[in-house]
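Everything quoted here is computed from the prediction, not taken from an experiment. Only heavy atoms go into these numbers, but all of them, side chains included; no hydrogens, no water, no symmetry mates. Below, chain A is the first sequence line, B the second, and so on; all start at residue 1.
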Number of protein chains: 2
Amino acid sequence: MTATPNPPATPPLPGAADDWLRLDQQICFGLHAASRAFNGVYRVVLKDLGLTYPQYLVMLVLWEHGTLPVKKLGEHLRLDSGTLSPLLKRLETAGLVSRERSARDERSVEVRPTEEGTALRERAREVPRRILAATGFEGDEVRSLSARLHELTTALDRAAASGA
Amino acid sequence: MTATPNPPATPPLPGAADDWLRLDQQICFGLHAASRAFNGVYRVVLKDLGLTYPQYLVMLVLWEHGTLPVKKLGEHLRLDSGTLSPLLKRLETAGLVSRERSARDERSVEVRPTEEGTALRERAREVPRRILAATGFEGDEVRSLSARLHELTTALDRAAASGA
DNA sequence: GGCTATTTGGTTGCGCGCAATTTAATTGCG
DNA sequence: CGCAATTAAATTGCGCGCAACCAAATAGCC
């Protein structure tokens, strides 16, 4: 706390570094809030599909790539088994995927969309349009924003890996 | 990836709507991933402050505004008591904040940074710079990205509220 | 073959994030 | 005043995200 002349109960710090604090808050908090806001919209839109947002992401990957081992799924989604194992178990209970150990490599578990899981794709067709509508953005804006976010993620992952 | 001639075990559906699916995946997944990547960097940077990322956000608000009731805190952070109550209890256990019911309105709980909590701000001073460095972005880029994200959040919140 | 090291998933523990419910205090209206 | 409606927090329940740890299978090396 550096010398202030006036403020409220717990006086805010003044000074040059505060711009950094606010800037920081804007980017990290903005991202945090936007991510949760997206989650909220997906929650509404996916409700009658019986999927949560992360479950929807898993199904998207399976619809696109077909049967995959848990490892590959995790690479696509940037998630590990600690998150995927229980999630996949719930999808299995819901009858949307099957899980069976690979014959070639008994360590690996193949995740396969069931008939029902594959059929669900038809009902999910309209989801993206509804989400895009909710954003009020144009396709081009979305694309450029996505590109920026991808740069960000890459840079942040590298930074976290190198220990700062 | 539209219309491929050769697909794997569970063949992906071809057709026009697939562009939408991919576009959607880019924006929602990109945001999701970026948010988690940020979380990862903050986890590293905040480690020796003994704070998680949401706890850091709470302290940022308290440092800026001083003592606040839980309700106001939630408005700043877009969080409700279901999230804040246990989080604040942990901050209290850590000795960083105190919680006491307001005398004016016994329903309200005032959250106040302790001496220790206020002192922590000094050690947190360098955090924003390190985070910004991790992004590899310029201040202006960050600002414009933040502005976009804020638009997004506003639009998404409105959409979710109006039921789609 | 026998040994260690690596890879793959699963499990546990903890902290969010949020909907739904509960409790207590306050407000508002007749 | 008395009583219903509203408001502020807390609690409960569930799903994700991740670190840490464990077990089984495989690969590699002597």
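Heavy atoms of B/Ser81 sit under 4.0 angstrom from at least one base atom. As judged by a 4.0 angstrom heavy-atom cut-off over every strand, A/Leu79 is placed among residues touching the sugar-phosphate backbone only. Within the nucleic acid shown, A/Lys72 has no heavy atom closer than 4.0 Å to any nucleic acid atom. Within 4.0 Å of B/Pro86, counting heavy atoms only, lies no atom of the nucleic acid at all. As judged by a 4.0 angstrom heavy-atom cut-off over every strand, A/Asp105 is placed among residues touching the sugar-phosphate backbone only. Using a 4.0 Å heavy-atom criterion, one finds that A/Leu87 contacts the sugar-phosphate atoms exclusively. Contact annotation for A/Thr83: base contact, defined as any heavy-atom pair under 4.0 Å involving a base atom.
Contact annotation: B/Arg36 reaches the phosphate of D/dC18 (side-chain N/O to OP1 or OP2, under 4.0 Å). Between C/dC16 and A/His32, no contact under 4.0 Å exists linking OP1 or OP2 to a side-chain N or O. When the side-chain nitrogen and oxygen atoms of B/Arg99 are compared with OP1 and OP2 of D/dA10, one or more of them lie within a distance under 4.0 Å. Distances shown here put every side-chain N or O of B/Ser85 at or beyond 4.0 Å from the OP1 or OP2 atom of D/dT11.
Summary of the strand contacts: B/Arg43 and A/Arg104 both lie near DNA chain D, and taking for each the nucleotide with the nearest heavy atom, the more 5' one is attributed to B/Arg43. Nearer to the 5' terminus of DNA chain C, by closest-nucleotide assignment, is the contact made by A/Pro69 (compared with the other of A/Pro69 and A/Asn39).
Here the nucleotide nearest the side chain of B/Arg90, chosen from C/dG15, D/dT11, D/dT7, is C/dG15. Of the candidates C/dT7, D/dT11, C/dA25, the closest approach to any side-chain atom of B/Glu106 belongs to C/dA25.
Nucleotide C/dT7 holds its P atom 12 Å from the CD atom of A/Glu75, rounded to whole Å. Atom-to-atom, CZ of A/Arg107 to P of D/dC22 comes out at 20 Å; the value is rounded to the nearest Å. Spacing between atom CG of A/Leu77 and atom P of D/dC16 amounts to 12 Å, rounded to whole angstrom units. Taking atom NZ of A/Lys89 as the reference point, atom P of D/dG15 lies 13 Å away to the nearest angstrom. Across the protein-nucleic acid pair, B/Lys47 atom NZ and D/dC18 atom P stand 16 Å apart, rounded to whole Å. The interatomic distance linking B/Asp80 (CG) with D/dT11 (P) rounds to 14 Å, in whole Å. Look at CG on A/Leu57: it is 14 Å from C1' on D/dG15, rounded to the nearest Å.
Put simply, the side chain of B/Ser144 gets close to the backbone of B/Glu141: a donor and an acceptor are under 3.5 Å apart. Counting only distance, with no hydrogens or angles, the side chain of A/Ser102 and the backbone of A/Asp105 share a donor-acceptor pair below 3.5 Å. Using modelled atom types, no side-chain atom of B/Trp63 and backbone atom of B/Leu120 make a donor-acceptor pair closer than 3.5 Å.
As the counterpart of C/dG30, D/dC1 is assigned, both hydrogen-bonding distances of the Watson-Crick or G-U wobble pattern falling under 3.5 Å.
We find that B/Lys89 and B/Glu92 are not joined by a salt bridge, their nearest charged nitrogen and carboxylate oxygen being 4.0 Å or further apart. A salt bridge is absent between A/Arg129 and A/Glu126; no separation between the charged side-chain nitrogens and carboxylate oxygens falls under 4.0 Å.
By the 30° and 60° cut-offs, the orientation of the rings of A/Tyr42 relative to A/Tyr56 is tilted.
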